[in-house]
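Written below as structure tokens is the structure these notes are about.
Predicted, not measured: the structure shown is a model, and the values here were computed from it. Each ligand, and each atom within it, is numbered from 1 in the order the structure gives.
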Amino acid sequence: MLNVPSQAFPAPGSQQRAASGGRSKVPLKQGRSLMDWIRLTKSGKDLTGLKGRLIEVTEEELIKHNKKDDCWVCIRGLVYNVSPYMEYHPGGEDELMRAAGSDGTDLFDQVHRWVNYESMLKECLVGRMAVKPVAVAKGYKNHEKKLLNGILLKSQVSDLPAKEISPSYDWFQTESLVTIVIYTKQKDMDSESVIVDYQDGSFRAEIIIKDYSYLLHTELSHEIQEDITVRVAEKTGKVEIVLKKKDNISWKYLGHPLENHNSFTAHRDTGLYYRKCQLISKVDVTHDTKLYCLMLPPGTHLQVPIGQHVYLRQTVAGTEIVKPYTPVLDSLNLDLQEPLHPHNRYIYFMIKIYHTGLFTPHFDCLQIGDCVSLSSPEGNFKKSQLQELEELFLLAAGTGFTPMVKILNYALTNITSLRKVKLMFFNKTEGDILWRNQLEQLADKEKRFEVEFILSEPTSEWTGKQGRISLALLSGFVKRSLENSRVLVCICGPEPFTEQGIRLLKDLNFSKEEVHSFTA
Ligand code: FAD
Ligand code: NAD
């Protein structure tokens, strides 16, 4: 059984309270945390005012419910009475009111499409829209997709820019193998762009092509073994997925199409797909942070690209909670060998446990062998940002160190043009510094790498730099060694830290293209 923390949060003095100026979170009143919301939804209180009745909502009716104390919002055709939720919304009441009496699907997707609103708001469900209302933000098109021998008609793909060509697929078999071939017609495809899942007879392959996803989703006509091979021809963009038959019999057809089979849609319009991963190990990193190793199921092929994150999902007190986390490596890999083995089924996370938090205390209660759901990767960092780089500056605060781990390793291992990598690592106390020994050893061993620790709450023994991010601290450290050198500055940490860092870097004359900030 998971323990539900009974104490109220946000905790007084917690980092997020101090950060109330941040853009996406507002300070919530006492007794208005998400855990309090979950408790309210379980209390049996009538939250819609309709005594459990579900109604069909017309557009005219929806528009009428546009006030704080009477606020209905439509998300993907379902209408919710969000008035009771107002005070619990981490983004604040005003943010929620932007969608009052209208279709909030686009607004919702822009801010946090990964939040499981169906579960969070299920007690607020008023009913279904009689007719789909016009969206507030830019059009969300929902095209019907029809199958035509594995080829999509141009009119059956969503919002596709003229230069994009829809992929197509084919399949063939030998006595023991079935090979599915996807013609993406794209150069520079790699195996990170291919995500395959085989679970309970259902086969799903998602091919990520720039901002689009090509999906094959089918109930296979026969059983297969779980080890699936993925091959990508980088030059032609041909993807081959090789399935091993369980019985060596001839297949008459590949399978029955499932939802969104053979579709090519904007990535933002595809829902997040989850698979269950097993917890393999957890090891202390500091007093409140641990390194967790999760194992992908055998039928899954998934690699999380450098700088991207995934969502972990678990059920807390009957409600599904989803939070983003950035995979790291098992260590800083001091031998600087390429650690990203393509068939590696282990994914490592460095996660800080907030005792007053919603997700992490429950995550930490997982026992070895327990399962947690893990989404496909997301994020806008691209490896190409590191190509031909000469100087790399990493500004990390607290667990904002996590995206820097793979970037640091990849840059030092693969980018031959790189002359210098400098990490400025901001923490509260010495005890909070993640992988301090490994970082110091790396700096000793690798002359191109330099690390500086800055503490915001040091003891009197600390002789190093102190304070929070400031112009004085940055101007001495984030300095180009040559006027025209190719530079990238990566920044990640609490939102106010990141926002302030971006402003300061602008003052220091770094261009937008030279700064990459990690956010949700
Ligand atoms: P929460 O419930 O979010 O609470 C955290 C703290 O904030 C608590 O002290 C709580 O009391 C306080 N709080 C909550 N809501 C409010 C509010 N409205 N006002 C004031 N205070 C509040 N974390 C990692 O440890 N490792 C990672 O690799 C990692 N990667 C991330 C990647 C991305 C893209 C992003 C956006 C975040 C990442 N995080 C990571 C942070 C992570 O997603 C969670 O936010 C974190 O684990 C806290 O979750 P929680 O539910 O346990 O705590
Ligand atoms: P923390 O509270 O321990 O603070 C670490 C340091 O951040 C502090 O020592 C201080 O130097 C700086 N800092 C904190 N609040 C600040 C403020 N208001 N203004 C300026 N500087 C401030 O940090 P933590 O608890 O480890 O939190 C890490 C944060 O990083 C979380 O908010 C998490 O969501 C975020 N994170 C984001 C990503 C991502 O977007 N990809 C990845 C990992 C972590």
Side-chain angles (χ1 to χ4, degrees), residues 5 7-22 24-30 32-37 87-92 112 114 285-286 288-292 304 307-312 314 316 321-328 347-364 377-381 395-406 424-434 453-458 465-470 473 490-501 503-504 516-520:
Q7 68 269 55
F9 74 87
S14 81
Q15 163 250 308
Q16 260 95 340
R17 253 178 203 278
S20 60
S24 69
K25 271 192 176 174
V26 301
L28 299 170
K29 287 185 199 152
Q30 198 74 24
R32 292 292 181 271
S33 70
L34 283 179
M35 186 51 80
D36 294 314
W37 169 251
E87 292 190 338
Y88 298 81
H89 183 227
H112 36 215
W114 45 275
V285 176
T286 64
D288 60 5
T289 303
K290 290 180 190 167
L291 186 70
Y292 299 85
V304 184
Q308 295 204 6
H309 54 270
V310 295
Y311 297 94
L312 297 181
Q314 56 179 349
V316 176
I321 304 294
V322 175
K323 291 275 162 123
Y325 294 96
T326 314
V328 295
I347 303 188
Y348 292 88
F349 294 94
M350 202 183 264
I351 297 183
K352 175 166 171 174
I353 309 302
Y354 297 85
H355 294 297
T356 51
L358 190 58
F359 188 93
T360 48
H362 298 275
F363 185 73
D364 196 39
E378 295 244 307
N380 54 9
F381 185 82
L395 308 180
T399 55
F401 172 59
T402 52
M404 310 306 177
V405 171
K406 281 192 187 180
M424 232 184 174
F425 196 1
F426 295 80
N427 284 282
K428 287 183 184 148
T429 68
E430 275 187 88
D432 292 320
I433 303 175
L434 305 166
F453 302 113
I454 295 107
L455 299 184
S456 58
E457 297 169 22
K465 292 234 158 69
Q466 41 184 288
R468 281 185 169 187
I469 193 163
S470 65
L473 281 170
C490 294
I491 180 160
C492 187
E495 263 184 39
F497 165 87
T498 307
E499 284 168 5
Q500 203 177 338
R503 281 194 296 273
L504 295 171
H516 185 95
S517 61
F518 291 87
T519 47

N or O contact, [X] vs ligand 2, cut-off under 3.5 Å:
X: Gln500; result: no
X: Gly398; result: no
X: Glu495; result: no

Residue Lys465 excluded, over 12 heavy atoms near NZ under 6.0 Å: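 No, NZ of Lys465 has 12 or fewer neighbouring heavy atoms, counting only those of other groups under 6.0 Å.
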
Sub-4.0 Å atoms of ligand 2 with respect to non-hydrogen atoms of [X]:
X: Thr402; result: 42 (C), 43 (C)
X: Pro496; result: 17 (C), 18 (N), 19 (N)
X: Phe426; result: 5 (C), 6 (C), 11 (O)
X: Ala397; result: 6 (C), 7 (O), 28 (C)
X: Asn427; result: 9 (O)
X: Thr519; result: 40 (O)

Are any of the N/O atoms on [X], whether in the backbone or the side chain, positioned under 3.5 angstrom from an N/O atom of ligand 1?
X: Thr356; answer: yes
X: Pro324; answer: yes
X: Leu358; answer: yes
X: Pro361; answer: no
X: Gly357; answer: no

Closest non-hydrogen atom pair between [X] and [Y], with its separation:
X: Phe349; Y: Pro327; result: CE2-CG, 3.7 Å
X: Lys352; Y: Thr360; result: O-CG2, 3.3 Å
X: Pro324; Y: His309; result: CB-CD2, 4.0 Å
X: Gly400; Y: Pro403; result: O-CD, 3.3 Å
X: Gln308; Y: Phe381; result: NE2-O, 3.9 Å
X: Gly398; Y: Phe425; result: O-CE1, 3.4 Å

Contacting atoms of ligand 1, where contact means under 4.0 angstrom from a heavy atom of [X]:
X: Thr519; result: 34 (C)
X: His309; result: 34 (C)
X: Lys352; result: 25 (O)

Indicate yes or no: at least one non-hydrogen side-chain atom of [X] is less than 4.5 angstrom from one of [Y].
X: Ile321; Y: Phe363; result: no
X: Thr399; Y: Met350; result: no
X: Glu430; Y: Phe453; result: no
X: Ser456; Y: Phe426; result: no
X: Val316; Y: Leu34; result: no

What do we get for [X] next to ligand 1 when only non-hydrogen atoms under 4.0 Å count, side chain, backbone, both or neither?
X: Thr402; result: side chain
X: Thr326; result: both
X: Tyr354; result: side chain
X: Thr289; result: neither

Considering only heavy atoms, which of [options] lies nearest to [atom]?
atom: atom 22 (C) of ligand 2; options: Lys323, Gln466, Arg468; value: Arg468
atom: atom 40 (O) of ligand 2; options: Phe518, Phe381, Tyr325; value: Phe518
atom: atom 46 (C) of ligand 1; options: Tyr88, Phe363, Tyr325, Tyr311; value: Tyr325

Heavy-atom gap Lys428 to ligand 2 smaller than 4.0 Å: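 Yes, that is the case, since the closest heavy atom of the residue is under 4.0 Å from the ligand.
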
Heavy atom of Tyr354, distance to ligand 2 below 4.0 Å: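 Right, Tyr354 reaches ligand 2.
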
Side-chain donor/acceptor of Asp364 to backbone N/O of Pro361, under 3.5 Å: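 Checked: no pair found.
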
Donor-acceptor contact below 3.5 Å, side chain Thr289 vs main chain Thr286: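 No.
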
Heavy-atom gap Ile353 to ligand 1 smaller than 4.0 Å: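 Distance cut 4.0 Å: Ile353 fails for ligand 1.
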
Ligand 2-proximal atoms of Lys352, by part, heavy-atom distance under 4.0 Å: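 It is the side chain that gets close, since no backbone atom is under 4.0 Å.
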
Part of Cys492 with heavy atoms under 4.0 Å of ligand 2, whether side chain, backbone, both or neither: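 Side chain only; the backbone of Cys492 stays clear of ligand 2.
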
Salt bridge (Lys or Arg N to Asp or Glu O under 4.0 Å) involving Glu457 - partner list, sequence neighbours excluded: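 For Glu457, no residue satisfies salt bridge (Lys or Arg N to Asp or Glu O under 4.0 Å) once neighbours in sequence are set aside.
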
Candidates Leu395, Ile491, Asn380 - the one meeting side-chain contact (heavy atoms from CB on, under 4.5 Å) with Ser517: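 Looking at Leu395, Ile491, Asn380, the match for Ser517 under the side-chain contact (heavy atoms from CB on, under 4.5 Å) is Ile491.
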
Approximate separation, where rounding is to 0.5 Å, of Lys290 NZ and Ile353 CD1: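 Reported to 0.5 Å precision, the distance equals 6.0 Å.
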
